[in-house]
Amino acid sequence: MNVWHIITSSTPEILAAGLKYTLPIAIISFILGLLLALLTALARISRRGGWFNIVKWLCGFYIWLFRSTPLLVQLFIVYFGLPYLKIKGILPRGIQMSPVMAGILTFTLNTGAYCSETIRGAIESIPTGQWEAAASIGMTRGLALRRIIIPQAVRVSLPPLANSFISLVKDTSLAASITIVEMFEVSQQIAATNYQPLIMYSLVAVYYAVACSLLAWLQKYLEKWTGRYTRSTN
């Protein structure tokens with residue numbers, strides 16, 4: 001079979017799957033994961049004590065759990081396992097989700113766990129003198145966090161967060177294991193009909209590489225853009 005014909009005939013189907021599932025799942029999961037990460041990071045650095053220590057412990061347990069287990073196992077537990085979590089009178093049929101919902105939920109939780117530590121580290125990297133300076137002019141801790149600390153932490157955390165998003169785009173290929181017809185699943189289906197797995201898997205690898213290269217270029221642009229004030233003051 002002609003290689004060029006295989007590439008040109010399968011490319012529209014693979015790219016369509018990327019636009020329909022791969023990118024939307026990655027973008028939605030990353031945005032939700034960032035929100036979750038910010039909340040858990042703020043909870044962990046909070047000075048509150050008493051009953052709030054339970055919240056801190058739960059956040060720490062969540063981060064440990066999702067960083068210590070494989071993403072594929074997490075996908076299987078959410079999609080195949082939760083329907084068996086039956087509670088009489090409350091969840092008689094377990095927790096059932098569509099493949100896309102299960103994928104977004106799993107990727108969100110996984111991304112949130114990793115990004116939480118990134119955000120916490122970025123916030124804690126800001127010198128304590130800036131907290132003290134904000135307090136000296138009457139700012140509350142929350143106000144100092146919003147106006148002084150977080151804007152600086154964003155610049156510090158941007159490279160690792162961008163790397164997390166690039167990794168997430170590649171990890172969405174695991175969604176094929178729960179029947180989501182994203183780019184890798186489409187290439188598998190086409191390979192099963194034309195019996196050319198080497199060409200099809202190489203082709204989809206090229207498309208992932210192109211997408212991640214574009215994101216890496218965007219990452220460098222954002223780093224340069226967010227660092228413009230730092231350079232202007234030096």
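Both backbone and side-chain heavy atoms feed into the values below; hydrogens, waters and symmetry mates do not.
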In Å and rounded to the nearest 0.5 Å, what is the CH2 to NZ distance from W217 to K220?
11.5 Å
Which heavy atom of N110 sits nearest a heavy atom of Q74, and at what distance?
ND2-OE1, 3.0 Å
Using modelled atom types and a 3.5 Å cut-off, is there a donor and acceptor pairing between side-chain atoms of E182 and backbone atoms of E185?
yes
Contacts of type side-chain contact (heavy atoms from CB on, under 4.5 Å), residue V78, not counting sequence neighbours
L82, M97, A102, L105, T106
Cluster link V100 to L72, ILVMFWY, side chain under 4.5 Å
yes
Of all heavy-atom pairs between P99 and T179, which one has the smallest distance, and what is that distance?
CG-OG1, 3.5 Å
Output all residues satisfying ring-ring contact (aromatic ring centres under 6.0 Å, His included) with F184, sequence neighbours left out; order by chain, then residue number.
Y201
Following the transitive rule for hydrophobic clusters with a side-chain heavy-atom cut-off under 4.5 Å over Ile, Leu, Val, Met, Phe, Trp and Tyr, establish whether V55 and L36 coincide in one cluster.
no
Check whether I31 and V169 end up in the same hydrophobic cluster, where Ile, Leu, Val, Met, Phe, Trp and Tyr are linked by side-chain heavy atoms less than 4.5 Å apart.
yes
What residue pairs, at least two apart or across chains, pass salt bridge (Lys or Arg N to Asp or Glu O under 4.0 Å) with a residue in residues 103-121?
R44-E117, R67-E117, E117-R120, R120-E124
Determine which pairs satisfy side chain to side chain donor-acceptor pair (under 3.5 Å) with at least one residue from residues 157-176, sequence neighbours left out, and list them in order.
none
Measure across N194 and I6 and return the closest heavy-atom pair with its distance rounded to 0.1 Å.
ND2-CG2, 3.8 Å
Does S46 reach the main-chain N or O of A43 with its side chain, forming a donor-acceptor pair under 3.5 Å?
no
Give the other cluster members for L214, using side-chain heavy-atom distances under 4.5 Å between Ile, Leu, Val, Met, Phe, Trp and Tyr residues; answer none if it is isolated.
V206, V210
Over all heavy atoms of both residues, which pair between I178 and G103 is shortest? Give the atoms and the distance, please.
CD1-N, 3.9 Å
Apart from I77 itself, what residues make up its hydrophobic cluster, given side-chain heavy atom links below 4.5 Å?
V73
Which heavy atom in L143 sits nearest to a heavy atom in M139, and how many Å separate them?
CD2-CG, 3.9 Å
With respect to M200, which candidate in V186, I7, I14 satisfies the side-chain contact (heavy atoms from CB on, under 4.5 Å) definition?
I14
Can you see whether Q130 engages Q152 through a side-chain donor-acceptor pair at a distance of less than 3.5 angstrom?
yes
ring-ring contact (aromatic ring centres under 6.0 Å, His included) involving F165 - partner list, sequence neighbours excluded:
F30
How long is the span from the OH atom in Y79 to the CD1 atom in I180, to the nearest 0.5 Å?
8.5 Å
Same cluster (ILVMFWY, side-chain, under 4.5 Å), L34 and L222
no
When rounded to the nearest 0.5 Å, the distance separating CG of L42 from CD1 of I150 is 5.5 Å
Mark yes when over 12 heavy atoms from residues, nucleotides or ligands other than I54 sit less than 6.0 Å from its CD1; otherwise mark no.
no
Those residues that, when tested against T40, pass side-chain hydrogen bond (donor to acceptor under 3.5 Å, both in side chains) (two or more places apart):
S116
NZ of K56: more than 12 outside heavy atoms within 6.0 angstrom?
yes
With sequence neighbours excluded, residues passing ring-ring contact (aromatic ring centres under 6.0 Å, His included) with Y21
none
Correct closest heavy-atom pair for A176 and Q188 would be CB-OE1, 4.2 Å
Got a sec, which pairs hit side chain to side chain donor-acceptor pair (under 3.5 Å) with one end in residues 131-147, sequence neighbours left out?
none
Contacts satisfying ring pair (Phe, Tyr, Trp, His ring centres under 6.0 Å) that involve residues 36-71 (not counting sequence neighbours) are W57-F61, F61-W64, Y62-F66
List, one per line, each side-chain donor-acceptor pair under 3.5 Å for residues 22-29, sequence neighbours excluded.
{"residue": "T22", "atom": "OG1", "partner": "M183", "partner atom": "N", "Å": "3.4"}
{"residue": "S29", "atom": "OG", "partner": "I25", "partner atom": "O", "Å": "2.7"}

